[in-house]
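Here the structure comes first, spelled out in structure tokens, and everything after it is commentary.
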Amino acid sequence: MKAKTKEILIKTRRRLFGQNIGNNISAFQGNGIDFAELKEYSYGDDVRKINWNVTAREQKPYINVFNEERELNIVLGLCVSGSLYFGSVRQKQEVAAEILALLGLSAIKNSDRVTTIFFDELPVRRYKPTKSQNTIYAQVEDALSLEMLHKKSDLQAFADYLLQTVRQRSIVVLVGDFKNEADLSFLGAKHELYIAMVRDRFEEDPSIEGVWSLQDPESAQVHTIDLDERALERFRSEIRQLDAGWRSHFLKNRIGFTKIYTDEDPFIKLREMLK
């Protein structure tokens with residue numbers, strides 16, 4: 001296992017399996033689906049099922065009882081793109097791998113089943129559903145070592161692929177930098193959909209005036225560009241418009257979302273999005 005993989009996994013395990021339960025991501029909790037009744041709490045009952053509203057009203061603990069409990073089906077999707085091979089603080093690819101580690105191990109901790117898919121314009125890798133920590137470790141290492149340069153992300157193709165192949169209603173989390181548009185409304189209607197957008201502050205607000213030779217990380221084409229303040233502001237405006245469109249799309253279709261910068265802690269942002 002590579003050093004960077006170990007670093008991410010150690011950090012993730014400390015967060016998720018530490019003693020401070022209040023810091024844990026509550027992403028994939030709530031196994032009970034079919035509510036049956038309330039009953040007074042007895043020693044040995046699962047404290048996670050306590051109904052706090054009823055407990056407060058009755059001044060003694062009550063728990064929710066369900067007719068059936070079933071594991072949640074978690075699908076993690078990595079949007080593979082050359083633009084992830086960038087970062088002024090650390091690479092977006094590394095942040096994306098840490099997000100996969102946090103979400104994957106969080107699901108495993110909750111005894112849920114995780115399916116992970118890497119996708120650019122076509123499926124790159126699809127891992128079988130798992131409840132194994134070792135499988136999550138391997139997926140994180142793969143996400144870190146995957147060659148991103150000269151890969152193009154097709155979000156619409158990814159959404160259509162998930163609609164066709166993920167038949168059971170699932171919690172779907174897509175991780176990428178979302179530099180192009182797509183219609184995720186059908187995917188959001190079929191599944192409980194969340195978006196973890198990974199960005200670097202420099203790419204949203206660049207300050208590199210002058211003549212530069214820049215290579216497109218997806219097409220590999222090199223362009224010589226004279227960047228002045230007008231050109232930079234036009235670029236910033238296009239990014240703002242793209243993100244405003246995404247935000248409107250997510251809110252309209254009740255899709256959970258967060259933006260995580262390379263200088264931020266993914267754990268905090270994910271916890272806020274998923275609670």
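This structure is a prediction, so every number in the text was calculated from the model and none was measured. Reckoned from all heavy atoms, side chains included, excluding hydrogens, waters and symmetry mates.
Residue Ile99 is grouped with residue Val173 when hydrophobic side chains (ILVMFWY) are merged at heavy-atom distances under 4.5 angstrom, including chains of intermediate members. In the hydrophobic cluster analysis, where Ile, Leu, Val, Met, Phe, Trp and Tyr join through side-chain heavy atoms closer than 4.5 angstrom, Met197 is grouped apart from Leu78. Transitive grouping of hydrophobic side chains (ILVMFWY, heavy atoms separated by less than 4.5 Å) brings Phe118 and Val95 into a common cluster.
Among residues two or more places apart in sequence or in another chain, the side-chain hydrogen bond (donor to acceptor under 3.5 Å, both in side chains) test is passed with Glu141 by none. Annotation: side-chain hydrogen bond (donor to acceptor under 3.5 Å, both in side chains) contacts of Thr55 (sequence neighbours excluded): none. Here Tyr137 pairs with nothing under the ring pair (Phe, Tyr, Trp, His ring centres under 6.0 Å) rule; sequence neighbours left out. Tyr41 is linked by a ring pair (Phe, Tyr, Trp, His ring centres under 6.0 Å) to nothing, counting only residues two or more places apart in sequence or in another chain. Looking at residues two or more places apart in sequence or on another chain, you find no side-chain hydrogen bond (donor to acceptor under 3.5 Å, both in side chains) involving Asp120. Scored by the side-chain hydrogen bond (donor to acceptor under 3.5 Å, both in side chains) test, Arg169 finds no partners at all (sequence neighbours excluded).
Without hydrogens or angle criteria, Gln91 side chain to Tyr85 main chain gives no donor-acceptor distance under 3.5 Å.
Using a 30° and 60° split on the angle between ring planes, Phe250 and Trp246 fall in the parallel class, below 30°.
Applying salt bridge (charged side-chain N to carboxylate O under 4.0 Å, His left out) to Asp177 and the options Arg199, Lys92, Lys259 leaves one that passes, Lys92.
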